[in-house]
A.B. asks: 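Take this structure, written in structure tokens, and hold onto it; I'll ask about it next.
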2 protein chains.
Amino acid sequence: MNISMDEAIVRRSLHDELVERLQRLIIEGELTPGEKVPEKELCERYNVSRTPMREALKVLASEGLVTLTPNRGSSVTAVTVEDLEEVFPVMGALEALSGELACEKITAAEIAAIGKFHHEMIGHYKAQRLPEYFAANEAIHTAILKAARNETLAAQHRMLSARVRRARYLANMTRERWDKAVAEHEEILAAIQVRDGRQLGAILKQHLRNKLETVSEWLRRDTQG
Amino acid sequence: MNISMDEAIVRRSLHDELVERLQRLIIEGELTPGEKVPEKELCERYNVSRTPMREALKVLASEGLVTLTPNRGSSVTAVTVEDLEEVFPVMGALEALSGELACEKITAAEIAAIGKFHHEMIGHYKAQRLPEYFAANEAIHTAILKAARNETLAAQHRMLSARVRRARYLANMTRERWDKAVAEHEEILAAIQVRDGRQLGAILKQHLRNKLETVSEWLRRDTQG
DNA sequence: TGACATAATTTTGAATGCAAAATTAAATAT
DNA sequence: ATATTTAATTTTGCATTCAAAATTATGTCA
């Protein structure tokens, strides 16, 4: 009895749906860091009661995306330079691992797909289209992570990524740094194509270290300047 | 209704307290993998309503400790060999990082403390006191993690650790493996004492790889034998 | 008896209700 | 006016309630 699940009705619990929506609101910046999460307002907006909303907020809090203060509700966690300096090394370790694992398990088709993203990205770079560049960039990193075939790894990475994605997106690179990032991406692609896991891991780690530089520099300027 | 006051909750937010208590129940094995979480029973036991209990379960679910099935409640996530093979490499990467960071930041006093744990552990090893050995062992790894001065790293590690701690604890080592683990610990201590982060990271990673062998072997035997 | 249908019970997901804490507004004194 | 109380309002944390789903029990008929 092999029933195709393709058309199965996906019934999700409200809190689960809300976790996702709130995550999006935070990442896309509709809810900005430091801001109090307007519980009531969001409940009305999504037409749910406070119960599932509060469940969702608790989950987000455990992921570090919001901060709960006893008896005074939740606020979007503000990312400080210190946070970034904590998160990036951890993400670096995870990405390095993803590179190593990916090289063991990646298929030719997946390599080709990454190559395609890469060339798209280069195109956007040459045309100085930053948002499109970011999208292609993220596609590459996601593809590597997926090729690693480790859901735990992917989940951990997603979690940390969510915490800093907004800062990452907002910090716009200097021309110089952008050049460097692209150069690193050439190396990334090369390492994948020859399936050199050690090398890929190392580059990914370095790549992220440079990103940290960019982002924390921007954050420093933005928050105190 | 029979309420035992010694277990009733006093401090801080209920859901937060519950997260911790349930975590303990799972790790200590009072709630065993696969078992359905008896929501009502636990509510009575801790004398709380279902609301905070369910909030806590959602958090634990997001950490992978319990599994929520729509409309049929929550059960303790059963750890499979496949899970272990996913989790351990990630923990390995985190531990390796913790080793590197720790060597940069650890104080002489902390090194001394780790040395003390180490010697206690050796004593327990010689006397074949497994539980005490495990406790000292865990103290060492926790101390290294703490010395790394990275709360994000520690939190991620704690989360993964919780998921496999029970299996880790239950799998008893062969004499041979135990010898090896102790030998590795000698190397760990040596690397810390000379603050060789690269080396420490590498050993920790290898150490965990061996642990995976032990645990997954046991799990395979236990679940299908 | 055993396969199936149907009714009773329990469990689950989510809305609502309520008391305590926090915040804001108003009132009083300086 | 500016502090400082005090009162009103809102928000928060949690308990309770309620409808829908799932599970178990009961009844029916071959």
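What you see is a predicted model, and the numbers here were worked out from it, not measured in a lab. All chains are named by letter (A, B, ...) in the order of the sequence lines, taking the proteins before the strands, and each is independently numbered beginning at 1.
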A.B. asks: In terms of ring plane angle, is the pair B/H185 and B/H118 parallel, tilted or perpendicular, where the classes change at 30° and 60°?
C.D. replies: tilted
A.B. asks: Tell me whether the side-chain N/O atoms of A/R54 come closer than 4.0 Å to OP1 or OP2 in D/dG13.
C.D. replies: yes
A.B. asks: Checking the side chain of B/E39 only, and the main-chain atoms of B/M53 only, is there a donor and an acceptor separated by less than 3.5 Å?
C.D. replies: no
A.B. asks: Could you tell me the separation between the CD atom of B/E41 and the P atom of C/dT12, rounded to a whole number of Å?
C.D. replies: 12 Å
A.B. asks: Only one of A/R24, A/R21, A/R45 passes salt bridge (charged side-chain N to carboxylate O under 4.0 Å, His left out) with A/E30; say which it is.
C.D. replies: A/R45
A.B. asks: At under 4.0 Å, does any side-chain N or O of B/R72 touch on OP1 or OP2 of D/dA21?
C.D. replies: no
A.B. asks: Is the backbone of A/G64 close enough, under 3.5 Å, to the side chain of A/T77 for a donor and an acceptor to pair up by distance?
C.D. replies: yes
A.B. asks: I'd like to know if A/R50 reaches the base of D/dG13 with its side chain such that a donor and an acceptor end up less than 3.5 angstrom apart.
C.D. replies: yes
A.B. asks: In whole angstrom, give the distance that lies between atom CG of B/D16 and atom P of D/dT12.
C.D. replies: 17 Å
A.B. asks: Looking at C/dA14, does its base get a donor-acceptor pair with the side chain of A/S49 below 3.5 Å?
C.D. replies: no
A.B. asks: Is the A/F134 ring parallel, tilted or perpendicular to the A/Y169 ring (thresholds 30°, 60°)?
C.D. replies: tilted
A.B. asks: Starting at atom NE2 of A/H15, determine the distance to atom P of C/dA15, rounded to an integer number of angstrom.
C.D. replies: 13 Å
A.B. asks: Please give, in whole Å, the distance from C/dG13 P to A/L14 CG?
C.D. replies: 11 Å
A.B. asks: Rounded to whole angstroms, how far apart are CG on B/N47 and P on D/dC14?
C.D. replies: 13 Å
A.B. asks: Expressed as a whole number of angstroms, how long is the span from A/N71:CG to C/dA21:P?
C.D. replies: 7 Å
A.B. asks: Ring pair (Phe, Tyr, Trp, His ring centres under 6.0 Å): which pairs involve residues 52-83 of chain A, sequence neighbours left out?
C.D. replies: none
A.B. asks: Is a salt bridge present between A/R149 and B/E85, judged by a nitrogen-to-oxygen distance below 4.0 Å?
C.D. replies: no
A.B. asks: To the nearest angstrom, how far is B/E39 atom CD from C/dG13 atom P?
C.D. replies: 7 Å
A.B. asks: Tell me the stems DNA chain C sits in, counting at least three consecutive Watson-Crick or G-U wobble pairs, each under 3.5 Å on both distances.
C.D. replies: C:1-30 with D:1-30
A.B. asks: So does A/K36 get a side-chain nitrogen or oxygen closer than 4.0 Å to the phosphate oxygens (OP1/OP2) of D/dT12?
C.D. replies: yes
A.B. asks: Assuming nearest nucleotide by heavy-atom distance, tell me which of A/T51 and A/P70 is located more 5' along DNA chain C.
C.D. replies: A/T51
A.B. asks: Tell me: CD of B/E55 to C1' of D/dA15, nearest whole Å?
C.D. replies: 12 Å
A.B. asks: Across the strands shown, which category fits B/K58 at heavy-atom distances under 4.0 angstrom: base, sugar-phosphate, nothing?
C.D. replies: nothing
